[in-house]
Amino acid sequence: MISHILQSVDIFVILTFLITLLVAYILWNNVTRTPINIPGPTPWPIVGNLPTLVASSFQNKSSQNRSDRFLELREKYGDLVGLSFGNFTQVLVFGYDKVHKVLVLNADKTKFRPSNAAVAKKLFPKEAGVVLSNGQEWVDLRRFTMVALKDFGATSNIISSIIFGSRFDFNDPVFIRLLGNIDYLFKNNAGVENMIPLLTYLNPFSKVPKIIKNRIEIQDYIRSRIDDERRSFDPNNVRHFLDLYLQQEGKSNSKISENHLFLTIADLYLAGTDTTSVTLQWTMLYMIKYPDMQKKCRNQILEVIGEDRDPVGKDKDNLPYVMAILQEVQRIATIVPLAVPHLAVEDIEVDGMTIPKNAIIFPSLMSVHRDPSLWEEPDVFRPERFLQNDKFVKREGFSAFSMGPRICLGKQLAESELFLIFVSILQRFDLSKADENDDLPIDGTMTGLTQQPKNFQMCFLPRQ
Ligand code: HEM
């Protein structure tokens with residue numbers, strides 16, 4: 001039957017029909033796409049700039065690093081770069097001046113998250129946790145979470161203590177599996193599929209199914225813990241974050257829905273684990289690369305705290321060099337180089353250019369940390385830039401946790417964790433290269449949200 005129809009229709013007619021359809025689609029796309037006066041590579045019909053990015057990932061030595069590929073676009077097009085994918089417009093923002101203008105001076109238009117996250121939507125079509133929610137929901141969730149972290153408050157095990165009131169045994173297979181799930185989610189992303197969801201089905205190598213599977217495993221685990229805790233819940237004795245959750249549950253006047261809070265617990269697990277452990281990995285790498293700095297740090301620790309006492313938060317004031325090292329590692333390595341995407345809910349004027357309404361904004365925190373107008377010789381590892389008259393000083397432009405109202409919610413917790421863990425390690429161990437000839441490359445790999453150091457081996461020698 002079909003072959004009969006095909007025989008009767010001229011192949012030329014079919015081709016003409018298909019080409020007309022394609023031209024109509026391109027014209028429609030051009031008419032509906034917001035005109036944009038921000039420079040950037042010319043988009044292809046339908047797929048936009050996807051081929052440009054794919055081609056650059058094959059050409060460049062930095063193919064494993066999305067942040068570096070974006071920095072190359074900055075060199076060509078300037079501090080704002082416009083990209084398009086299907087019907088989405090993305091704007092990359094570079095340098096302190098522009099990132100500050102977009103995230104801080106225009107905060108009322110950019111403190112939002114895009115809601116096109118295909119993966120998140122598949123799991124919870126209506127709700128989001130604190131990381132992806134918007135509007136009043138986000139305000140309520142963020143306030144609730146900050147208070148809870150302050151009340152109960154560092155890596156996954158510390159988050160576990162805060163949320164569930166108990167820690168894991170390090171050999172616990174459930175803990176090991178959970179860490180594997182989190183690791184996978186941070187090292188893989190569904191960026192392209194979020195822009196062009198059809199690719200989830202067309203691309204046989206799409207990571208989306210595995211990303212969803214990992215996220216579901218984390219959520220199933222949290223659900224099972226909630227069920228366990230429910231049995232021992234006493235409203236008069238709120239012990240941890242989960243008790244706060246159970247207190248809210250089912251209350252008709254509760255501002256926060258159960259699913260929002262549940263997703264926020266998953267967010268804290270995710271946002272608080274990989275970021276902190278990757279920062280510690282970078283810190284270890286720099287300490288074995290610069291043994292003199294390691295020695296100077298340890299001397300200061302032994303002088304102020306000694307060998308026997310455990311460090312406490314207050315010690316920060318008396319350990320300026322240690323603080324400077326931690327800041328400089330976070331500056332030069334920029335663990336979350338592109339922050340988390342923001343959404344423009346209105347047109348935003350920035351120095352004669354317009355970020356159009358509905359554009360997805362990627363602020364390059366890496367470019368802020370390498371901005372020569374703020375940092376002298378920005379590519380050099382120099383902790384002294386955070387010292388003045390031997391005192392630790394905070395520097396404007398330090399943006400490891402981003403800036404504006406969406407600034408990392410776990411900043412204080414992360415800073416305390418990093419300080420206490422780093423000081424405890426140096427108190428107890430001498431750190432060194434496993435292989436004397438290893439020159440320890442410091443360029444990172446970024447396949448997901450965080451930038452990790454390349455694999456390296458090191459020795460922890462207990463101090464005598
Ligand atoms: C060194 C460790 C960490 C770094 C470098 C880091 C960095 C960041 C960055 C760059 C953002 C995106 C901000 C933006 O959208 O502009 C962010 C968001 C966030 N972080 Fe962190 N983070 C760290 C640790 C933590 C910890 C320990 C927690 C939780 C306990 C946490 C929870 C969050 C949450 C909930 C958000 C989303 C905030 C919102 O959308 O309102 N982070 N973080």
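In this chain, numbering begins with 1 at the start of the sequence shown. As the structure lists them, so they are numbered: ligands from 1, and atoms in each ligand from 1. Only a predicted model underlies this, so the values are computations on that prediction, with no experimental measurement involved.
A salt bridge links Asp315 and Arg309; the closest N-O separation between the charged side-chain nitrogens and carboxylate oxygens is under 4.0 Å. Looking at Arg382 and Glu377, a side-chain N of the basic residue comes within less than 4.0 Å of a carboxylate O on the acidic one, giving a salt bridge.
Across all their heavy atoms, Ile361 and Ile348 have their closest contact at CD1-CD1, 4.5 Å.
The distance between the ring centers of His369 and Phe398 falls below 6.0 angstrom.
Close contacts of ligand 1 with Leu413, meaning ligand atoms under 4.0 Å from a residue heavy atom, involve 30 (C). Near Ala414, meaning under 4.0 Å from any of its heavy atoms, are these atoms of ligand 1: 2 (C), 24 (C). Within ligand 1, the atoms closer than 4.0 Å to a non-hydrogen atom of Arg142 are 38 (C), 39 (C), 41 (O), numbered from 1 in the order shown.
Tyr286 is listed as a side-chain neighbour of Ile442, based on a closest heavy-atom distance under 4.5 Å. Using a 4.5 Å cut-off on side-chain heavy atoms (C-beta onward), Gln330 and Leu418 make contact. Inter-residue side-chain proximity for Glu349 and Asn106 is flagged as unmet; no heavy-atom pair is nearer than 4.5 Å.
Between Trp138 and ligand 1, a contact under 3.5 Å exists for at least one N or O pair. For Ser402, a nitrogen or oxygen atom sits less than 3.5 Å from a nitrogen or oxygen atom of ligand 1, counting backbone and side chain alike.
Of all the heavy atoms of Ala400, the ones lying under 4.0 Å from any atom of ligand 1 belong exclusively to the backbone. In Lys411, neither the side chain nor the backbone holds a heavy atom less than 4.0 Å from any atom of ligand 1. Contacts of Met403 with ligand 1, taken as heavy-atom pairs under 4.0 Å, are absent altogether. Residue-level proximity to ligand 1 for Thr279 is carried by the side chain, the only part with a heavy atom below 4.0 angstrom.
Within the structure, ligand 1 has His342 among the residues with a heavy atom less than 4.0 angstrom away. Between Val131 and ligand 1 there is a heavy-atom distance shorter than 4.0 Å. Leu365 counts as a contact of ligand 1, since one of its heavy atoms falls under 4.0 Å from the ligand.
Ring-plane geometry between Phe381 and Tyr290 is classed as parallel, the angle between the planes falling under 30 degrees on a 0 to 90 degree scale with a further cut at 60.
Summarising the contacts of atom 28 (C) of ligand 1 with Ser133, Gly129, Gly410, the nearest heavy atom is found in Gly410.
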Open item on the list: I'd like to know whether Arg428 forms a salt bridge (charged side-chain N to carboxylate O under 4.0 Å, His left out) with Asp310, so could you lay out the CA-CA distance, the side-chain angles of the two residues, the decisive distance to 0.1 Å, and finally the verdict.
Closed with: CA-CA 11 Å; Arg428 291 166 178 78; Asp310 283 337; 3.1 Å; yes
